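To start, the structure itself, in structure tokens.
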Number of protein chains: 2
Amino acid sequence: MSVESVPAPLSRVGNSNDQARRHNLSTILTLLHHGGSQTRAGLTRATGLNRSTIAALVAELAELGLVYETQQTDPGTVGRPSPFVHLTDRMLAVAVNPDLDAVTIGLVGLGGRVHSRVRHETPAAPGVSETIDIVRREVDALRAGLDDDQRIVGVGLAVPGLVRTSDGVVTLAPHLLWNDEPLAEPVAAQVGIPALAANDAQLGLLAESLFGAGRGVDDIVYLNGSTSGIGGSVLVAGRTLQGARGYAGELGHTLVNSNGVTCFCGKTGCLETEVSVGRLLDVLGADPVDGDEFDRMLGETVDDAVRAEIDRQLDVLGTALGNFVAIFNPSSIILGGFLGSLFAANPTRLQDGIRRASFGTLGEQVTVERAQLRTRLLMVGAAELAFGPMLADPAGVLGP
Amino acid sequence: MSVESVPAPLSRVGNSNDQARRHNLSTILTLLHHGGSQTRAGLTRATGLNRSTIAALVAELAELGLVYETQQTDPGTVGRPSPFVHLTDRMLAVAVNPDLDAVTIGLVGLGGRVHSRVRHETPAAPGVSETIDIVRREVDALRAGLDDDQRIVGVGLAVPGLVRTSDGVVTLAPHLLWNDEPLAEPVAAQVGIPALAANDAQLGLLAESLFGAGRGVDDIVYLNGSTSGIGGSVLVAGRTLQGARGYAGELGHTLVNSNGVTCFCGKTGCLETEVSVGRLLDVLGADPVDGDEFDRMLGETVDDAVRAEIDRQLDVLGTALGNFVAIFNPSSIILGGFLGSLFAANPTRLQDGIRRASFGTLGEQVTVERAQLRTRLLMVGAAELAFGPMLADPAGVLGP
DNA sequence: GCTGATATGTTTTCGACAGCAACAATTCAC
DNA sequence: GTGAATTGTTGCTGTCGAAAACATATCAGC
């Protein structure tokens with residue numbers, strides 16, 4: 001678990017009495033969402049609340065249509081068997097990810113279950129209004145396919161760029177050519193459901209930390225490599241690093257080489273210019289391919305020039321990660337996209353590089369892992385965003 | 001205020017009923033400690049709690065000896081005058097800062113008031129047992145001078161090095177030559193009062209964020225320059241960045257120049273090798289001096305070589321801070337120690353450097369400031385550590 | 001100076017909720 | 001089949017904050 005922290009400078013505002021109820025409802029729903037089905041007795045132990053309290057809370061969640069109970073089939077222990085509490089499939093979130101050449105839209109349930117996923121290809125990078133249109137049409141189609149008791153509670157948008165989460169405005173998405181475009185608000189207006197937007201790397205980390213390689217870890221540095229660059233995000237004491245305006249985590253634009261080339265951002269020697277798919281494809285002499293194929297190409301290569309480039313990129317990546325280790329002291333580093341492939345091609349080289357580039361022995365205390373969720377990643381992350389308000393206050397959002 | 005955040009992955013454990021009371025007591029005490037005396041009506045507005053609730057909570061704090069009320073002397077507004085609530089001087093903390101050539105010990109009250117401060121010079125860097133001895137003797141002396149109703153509630157230790165805050169063990173303090181030395185526990189045993197230890201830069205940031213240049217700001221990058229190097233700490237969403245084991249914030253050991261010299265930490269081109277007092281003193285041709293004198297020397301110099309070195313260091317510092325801006329998106333950067341002098345010598349040069357080295361327009365949204373607390377800095381910071389448990393649960397610590 | 005408006009302290013009542021205790025139900029081990 | 005262990009169920013209790021009604025103190029306008 002995490003270290004006892006230095007006291008926070010500002011305390012939260014006073015707690016009213018019934019906020020305790022909301023908090024406890026939220027805690028139980030979140031526990032089920034992130035940890036899967038459990039017995040009521042298990043919830044009692046996990047929360048420290050009284051049996052009777054748990055019973056009342058679970059009953060309220062059941063009334064809200066969020067959970068149902070089943071009899072334990074194979075008890076195996078002494079004592080009265082405790083009923084299992086499961087999440088229903090009635091509350092759903094729509095996940096949206098506009099990208100260079102397509103808008104991907106998914107229907108996701110609690111517990112990270114991706115029910116469906118559709119990829120709308122676009123001839124060029126989709127514009128904002130085009131994206132909104134696609135979402136509206138797709139949500140209409142999804143609604144038509146729902147059971148009577150099912151309900152879409154929110155839309156989450158994972159955007160490759162700087163997003164002001166507070167009002168869902170995309171400040172800058174260079175690859176989509178979006179600039180100060182309101183997104184969440186018009187989507188909400190069009191589909192009649194609350195919508196929230198956030199940076200794709202932040203949501204990717206969130207998904208991995210809940211359902212992937214980062215389960216149960218509170219301090220994570222996450223880097224995701226795509227054809228359009230390197231996005232990053234950091235989990236600090238269990239919370240996503242946001243910064244003053246929600247723009248924190250531009251780890252791809254930190255210095256790794258004073259003698260490097262100029263980045264499109266105007267600086268020199270940025271991580272994402274030194275470590276890139278493009279450079280790897282160049283030495284491979286290949287065209288862009290999908291992730292699994294790229295994995296295979298890197299892993300099976302015997303070409304010395306390719307191996308040299310892989311090692312060079314791993315060394316640079318190690319330098320950058322060493323800096324991040326000195327800054328964040330994470331327990332875990334998670335690498336997604338082509339950075340995962342790069343790592344898999346020669347894990348010890350990267351680990352050694354990180355150790356060399358870290359301050360003192362910090363580099364030895366960190367584990368490096370590859371991201372696990374792959375295609376589900378952004379669907380689960382965006383859904384988490386959409387589910388956020390309901391998880392934080394189930395009765396408030398679903399009740400009256 | 002801060003941006004609405006992406007939902008946290010792990011929820012806290014269930015809330016019991018009387019935790020609300022503790023939380024509210026803590027909130028009010030913390031509000032007074034960090035914000036100064038206020039009227040009861042002001043507390044009502046600040047917390048959103050009911051008048052009657054505030055009355056009861058303030059009465060309890062008064063009974064614990066933490067606060068007292070006075071009649072408003074000059075009301076100036078309509079309505080029944082609300083009594084002022086002040087902190088008493090009865091609860092005190094001992095602040096300790098072992099450094100290269102001295103152990104500084106202070107007696108600090110709530111609200112950041114430094115009652116006394118003693119500097120015990122040592123012939124060489126003090127050892128752990130020497131430090132503990134000095135603290136024991138000094139606490140005995142301080143106790144003898146207290147009024148009957150006064151009480152020392154804790155000892156806070158600000159250590160220049162890596163500290164595991166959870167158990168107060170100093171993992172590594174290179175300049176003191178300490179290595180895996182238990183500190184907080186033996187101090188507590190010797191003086192019979194709870195003791196806590198933390199990194200000096202973390203506590204410096206804490207102090208500045210509460211009582212200095214960072215008041216009311218939730219996202220701060222703090223760098224402090226001393227003769228022994230550059231220490232850093234970061235305030236993330238109002239909380240000190242700790243990392244998995246409490247070692248986060250080694251900002252002095254991040255890469256700023258691939259062609260730089262080798263640092264004692266083994267890496268090349270670290271910020272603290274490129275930006276240092278030593279290099280400034282070299283071009284100044286001067287011996288080490290105190291802060292105010294150094295300020296004057298840098299500000300008044302007309303020597304081109306000195307100005308060139310100042311500008312070089314400011315440019316390097318700008319590069320580093322640009323990276324930190326991309327990573328943390330802070331609203332404020334605070335510079336202490338000789339970095340404050342350096343900044344004051346040519347503020348626009350550093351601001352321009354940061355803007356150039358930041359991603360997009362992020363560099364324009366950040367303010368750069370000099371630290372304010374000077375000699376009080378670590379006394380207030382260490383006291384905050386000592387007061388932490390009492391601020392978090394006044395009745396629990398002082399009551400039974 | 002009076003009067004009304006305004007703001008706030010004080011006291012009492014009330015409602016919500018978590019804890020607790022006693023009892024019932026269900027399983028396992030022998 | 002009996003006892004131990006575990007957990008659900010039910011009704012009661014204590015605590016705490018909110019709300020309402022009343023009391024108090026100041027200011028503004030006349």
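Letters A, B, ... are given to chains in the order of the sequence lines, protein chains preceding strands, and every chain is numbered from 1. Here the structure is a predicted model, which is why all the values come from computation and not from measurement.
In the region residues 58-67 of chain B, proximity to DNA chain C at under 4.0 angstrom, judged on heavy atoms, holds for none of the residues.
Side chain of R51(A), nearest nucleotide from dT10(C), dA18(C), dT9(D): dT9(D).
V234(B) pairs in a side-chain contact (heavy atoms from CB on, under 4.5 Å) with only one of the listed residues (L241(B), T240(B), I220(B)), which is L241(B).
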So which protein N/O to nucleotides 3-6 of chain D N/O distances come out below 3.5 Å?
residue : atom : partner : partner atom : Å
dA5(D)  : N3   : G79(A)  : N            : 3.4
dT6(D)  : O2   : R80(A)  : N            : 2.5

Under 3.5 Å, which N/O atoms of the protein pair with N/O atoms of nucleotides 12-14 of chain C?
none

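Computed from coordinates, the L49(B) CG to dG9(C) P distance equals 13 Å when rounded to whole Å. One atom, CZ of F84(B), and another, P of dG9(C), lie 12 Å apart when rounded to the nearest Å. Rounded to an integer number of Å, the gap from R21(B) CZ to dG19(C) C1' is 18 Å. Going from atom NE2 of H23(B) over to atom P of dC16(D) covers 15 Å, rounded to whole Å. Rounding to whole angstrom units, CD1 of residue I54(A) and P of dT7(D) are separated by 12 Å. Q71(B) places its CD atom 10 Å from the C1' atom of dG9(C), with the value rounded to the nearest Å.
Contact check for R151(A) versus I193(A): no side-chain heavy atoms found under the 4.5 Å cut-off. With contacts defined as side-chain heavy-atom distances shorter than 4.5 Å, the pair T70(B)/Y68(B) qualifies.
Salt-bridge formation is not detected for the pair R239(B)/D218(B): no Lys NZ or Arg NE/NH1/NH2 atom is positioned less than 4.0 Å from an Asp or Glu carboxylate oxygen. The residues D219(B) and R245(A) are annotated as not salt-bridged, no charged nitrogen and carboxylate oxygen being separated by less than 4.0 angstrom. Of the charged side-chain nitrogens involved, at least one lies within less than 4.0 Å of a carboxylate oxygen, so that E60(A) and R21(A) count as a salt-bridged pair. Under the 4.0 Å criterion applied to side-chain N and carboxylate O atoms, E69(A) and R40(A) are assigned as salt-bridge partners.
OP1 or OP2 of dC16(D) has not a single side-chain nitrogen or oxygen of N24(B) nearer than 4.0 Å. Distances shown here put a side-chain N or O of S82(B) below 4.0 Å from the OP1 or OP2 atom of dG9(C). Between R40(A) and dT9(D), a side-chain N or O to OP1/OP2 separation shorter than 4.0 Å is present.
Side chains of E384(A) and H33(A): a donor-acceptor N/O pair is present below 3.5 angstrom, by distance only.
Distance check: L157(A) CG to L196(A) CG gives 8.5 Å after rounding to the nearest 0.5 Å. In this structure, the separation between OG1 on T27(B) and CD1 on I54(B) is 9.0 Å, given to the nearest 0.5 Å. Interatomic distance, S233(A) OG to E208(A) CD, rounded to the nearest 0.5 Å: 12.0 Å.
Residues N50(A) and P83(B) each lie close to DNA chain C; by heavy-atom proximity, the contact nearer the 5' end of the strand is made by P83(B).
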